[in-house]
Asks: 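The structure under discussion is supplied below as structure tokens; questions concerning it will follow.
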Amino acid sequence: MTTFKRLLGVTLSIILILSSVPILASAEYTYYTSDDGYLTYYIKDGEAIINDCDTSISGDYTIPSTLGGYPVTAIGKGVFRGCTSLTSVTIPFGVTLIGQAAFCDCTSLTSITISNSVTSIGRYAFSDCTSLTSIDIPDSVRSIAFCAFQRCTSLKSVTIPDSVTAIIGSTFEYCKSLTSIDIPDSVTSIGDEAFFKCTSLESITIPDSVTSIGRCAFFDTSIASVTIPGSVTSIGEQAFGYHYSYTYKLIDGFAIYGYDGMAAETYANNEGITFVSLGEYVAPVQTTTSAVLDEDGSQSAGLAAEGESQTADGSGSMGTLGHILIAAVVFMVILAAAAVVIVVVVSKRKKPHYTGTYNQ
């Protein structure tokens, strides 16, 4: 029993020592300050990741393309959040990720220039940029995450490139100054509340590539009628034709144009909206395939929007630290198992102490 207790004590001590290794590994990055004193960054795999900014920054600012001699590739989670005196930002070529809430609450920001290297715009990236009037999203962008431009109340125009395959839920929610938007024919889905309460939006063209339109996607807009292509197979409740005035109400005279027997007619009948028939739908011959979409609508082949498979965004796939943690846990389990085996073997090999008498 004494041997067992000793071995058990040694095993537990080793496990406790090893369990501290991942904690030490979490401090694997050294943080540096940019020459202008505004940015904080760290180096990962030979690339500079910006992870913070002094909120006293003001005026027009061009983010450096290199920091400490390393190329800048990502603007991390919440870096410029609350920089209320920042009026203009230029993102240099080389940056691929604009992280979650990177420019959230930059209330004086009137313009943003995004380089043609950015592939992913994280959730809430420009949320509550209330002075932003327009934005051109480059062709390099493949995914725009949830609420990316939510409550950009001065935003009047947006250019969405044909590299984007989905407009995620609440992307332009409460953009009350948005009057028009061109949806490219690469888009296959429009998410829940994507244009919710865009009260100045007067018209919208749904391309033939779209197959689904989410719940309340165009709720409380100024759209008087809409044409739904035959490609659309599902339309969420209150997606069109509703506004809010103390309660949910149908827009007087709202009409849906669509094809007989398709989702447009079903939606109109279910919601009590006037349906104008465009005749029988004849499906076109498919010559291209749609990109595979993740649950949030981003391309699985590219960077995730929440971000998305980069540590700088605060979510996504594991980096070096994740692998260290897993390796340490596996090693501790193996070590504990080995200790138990040793205890069992030693116990069996020890001769029992006989207290009785032998029969002669």
Asks: Taking a hydrophobic cluster as the set of Ile, Leu, Val, Met, Phe, Trp and Tyr residues connected by side-chain heavy atoms closer than 4.5 Å, whether directly or through intermediates, do I206 and V164 fall within one such cluster?
Replies: yes

Asks: Is the ring pair Y174/F196 parallel, tilted or perpendicular, if the boundaries are 30 and 60 degrees?
Replies: perpendicular

Asks: Assess whether side chain to side chain contact (heavy atoms under 4.5 Å, CB included) is satisfied between Y61 and D36, documenting all intermediate values.
Replies: CA-CA 11 Å; Y61 188 71; D36 59 16; 2.7 Å; yes

Asks: Judged by atom type as modelled, is there a donor-acceptor pair below 3.5 Å linking the side chain of S154 to the main-chain atoms of T130?
Replies: yes

Asks: Shared ILVMFWY cluster between M262 and I235, side chains joined below 4.5 angstrom?
Replies: no

Asks: Within the structure provided, determine whether I204 and I181 are in side-chain contact (heavy-atom separation under 4.5 Å).
Replies: yes

Asks: For the pair S85 (side chain) and S58 (backbone), establish whether a donor and an acceptor sit closer than 3.5 Å, ignoring hydrogens and angles.
Replies: no

Asks: Examine Y267 and Y281 and state if one hydrophobic cluster contains both, with Ile, Leu, Val, Met, Phe, Trp and Tyr joined whenever side-chain heavy atoms are less than 4.5 Å apart.
Replies: no

Asks: Supply the atom-to-atom distance I121 CD1 to S143 OG, rounded to the nearest 0.5 angstrom.
Replies: 8.0 Å

Asks: Under a 3.5 Å distance rule, please check whether S140 uses its side chain to pair with a backbone N or O of N116 as donor and acceptor.
Replies: yes

Asks: Within the 4.5 Å heavy-atom criterion, are C53 and L86 side-chain neighbours or not?
Replies: no

Asks: V72 versus S65: any side-chain heavy-atom pair under 4.5 Å?
Replies: no

Asks: Side chains of I63 and V89: closer than 4.5 Å at any heavy-atom pair?
Replies: yes

Asks: Could you tell me which non-hydrogen atom of C129 sits nearest to which non-hydrogen atom of L109, and how far apart they are?
Replies: SG-CD2, 4.2 Å

Asks: Can you tell me how far apart CD1 (I273) and CZ (F254) are? Round to the nearest 0.5 Å.
Replies: 5.5 Å

Asks: Does the distance from a Lys or Arg side-chain N to an Asp or Glu carboxylate O, for K197 and E173, drop under 4.0 Å?
Replies: no

Asks: Under a 3.5 Å distance rule, please check whether T153 uses its side chain to pair with a backbone N or O of K176 as donor and acceptor.
Replies: no

Asks: With the side chain counted from C-beta on, respond yes when V95 and I50 share a heavy-atom pair under 4.5 Å apart, and no when they do not.
Replies: no

Asks: Can you tell if the side chain of I91 reaches within under 4.5 Å of the side chain of I112, non-hydrogen atoms only?
Replies: yes

Asks: Tell me the closest heavy-atom pair linking G258 and A264, and the distance in Å.
Replies: CA-CB, 4.0 Å

Asks: Any chain of hydrophobic side-chain contacts (each under 4.5 Å) joining F240 to L250?
Replies: yes

Asks: Within the side chain of S108, is there an N or O that forms a donor-acceptor pair under 3.5 Å with the backbone of T87?
Replies: no

Asks: Is there a donor-acceptor pair closer than 3.5 Å between any side-chain N or O of S88 and the backbone N or O of D60?
Replies: no

Asks: Can any side-chain N or O of S163 pair as donor or acceptor with the backbone N or O of D139 at less than 3.5 Å?
Replies: yes

Asks: In terms of relative ring orientation, are F219 and Y242 parallel, tilted or perpendicular, with 30° and 60° separating the classes?
Replies: parallel

Asks: Crowded around D54 CG? As in, over 12 foreign heavy atoms under 6.0 Å?
Replies: yes

Asks: Do the ring planes of Y124 and F146 sit parallel (below 30°), tilted (30 to 60°) or perpendicular (above 60°)?
Replies: perpendicular

Asks: If I take atom CG from residue N269 and atom CD from residue E271, how far apart are they, to the nearest 0.5 angstrom?
Replies: 10.5 Å

Asks: Is the shortest side-chain heavy-atom distance between L201 and I223 below 4.5 Å?
Replies: yes

Asks: Let me confirm one number: the OG1-CD1 distance from T171 to I144, rounded to the nearest 0.5 Å.
Replies: 7.0 Å

Asks: For side chain to side chain donor-acceptor pair (under 3.5 Å), just list the numbers for S277 and D260, CA-CA rounded to whole Å, side-chain angles, deciding distance to a tenth of an Å, and then say yes or no.
Replies: CA-CA 6 Å; S277 174; D260 297 339; 2.4 Å; yes

Asks: Donor-acceptor pair, S209 side chain versus D185 backbone, under 3.5 Å?
Replies: yes

Asks: Hydrophobic clusters here meaning ILVMFWY residues chained together by side-chain heavy-atom distances under 4.5 Å, can you tell me if I251 and V276 are in one?
Replies: no

Asks: Determine the minimum heavy-atom distance between D192 and G214, stating which atoms define it.
Replies: OD1-CA, 3.2 Å

Asks: Compare every heavy atom of S212 with every heavy atom of V210, then report the nearest pair and how far apart it is.
Replies: CG1-O, 3.6 Å

Asks: Please give me the minimum heavy-atom distance between L67 and I43, naming the atom from each residue.
Replies: O-CD1, 4.3 Å

Asks: State, yes or no, whether a side-chain contact exists between P92 and S115 at a heavy-atom distance under 4.5 Å.
Replies: no

Asks: Parallel, tilted or perpendicular, judged at 30° and 60°: which one describes the rings of F195 and F218?
Replies: parallel

Asks: Between T227 (side chain) and Y257 (backbone), is there a donor-acceptor pair under 3.5 Å?
Replies: no

Asks: Give the C-alpha distance, both sets of side-chain angles, the deciding distance and a yes or no for side chain to side chain contact (heavy atoms under 4.5 Å, CB included) between T73 and I49.
Replies: CA-CA 6 Å; T73 60; I49 311 297; 3.5 Å; yes

Asks: Supply the atom-to-atom distance S34 OG to D52 CG, rounded to the nearest 0.5 angstrom.
Replies: 10.5 Å

Asks: Taking only residues two or more places apart in sequence or in another chain, which ones pass ring-ring contact (aromatic ring centres under 6.0 Å, His included) with F275?
Replies: none

Asks: Quick one: OG1 on T33 to CG on L39, what's the gap to the nearest 0.5 Å?
Replies: 9.0 Å

Asks: D136 and T159: side-chain donor and acceptor closer than 3.5 Å?
Replies: yes

Asks: Is it true that atom CG of D35 has more than 12 heavy atoms of other residues, nucleotides or ligands lying nearer than 6.0 Å?
Replies: no

Asks: Please list all pairs passing the salt bridge (charged side-chain N to carboxylate O under 4.0 Å, His left out) test where one or both residues lie in residues 275-285, with sequence neighbours left out.
Replies: none

Asks: Tell me whether T119 contacts the main-chain N or O of T96 through its side chain, where contact means a donor paired with an acceptor under 3.5 Å.
Replies: yes

Asks: Among F80, F149, F172, which residue satisfies the ring-ring contact (aromatic ring centres under 6.0 Å, His included) criterion with F126?
Replies: F149

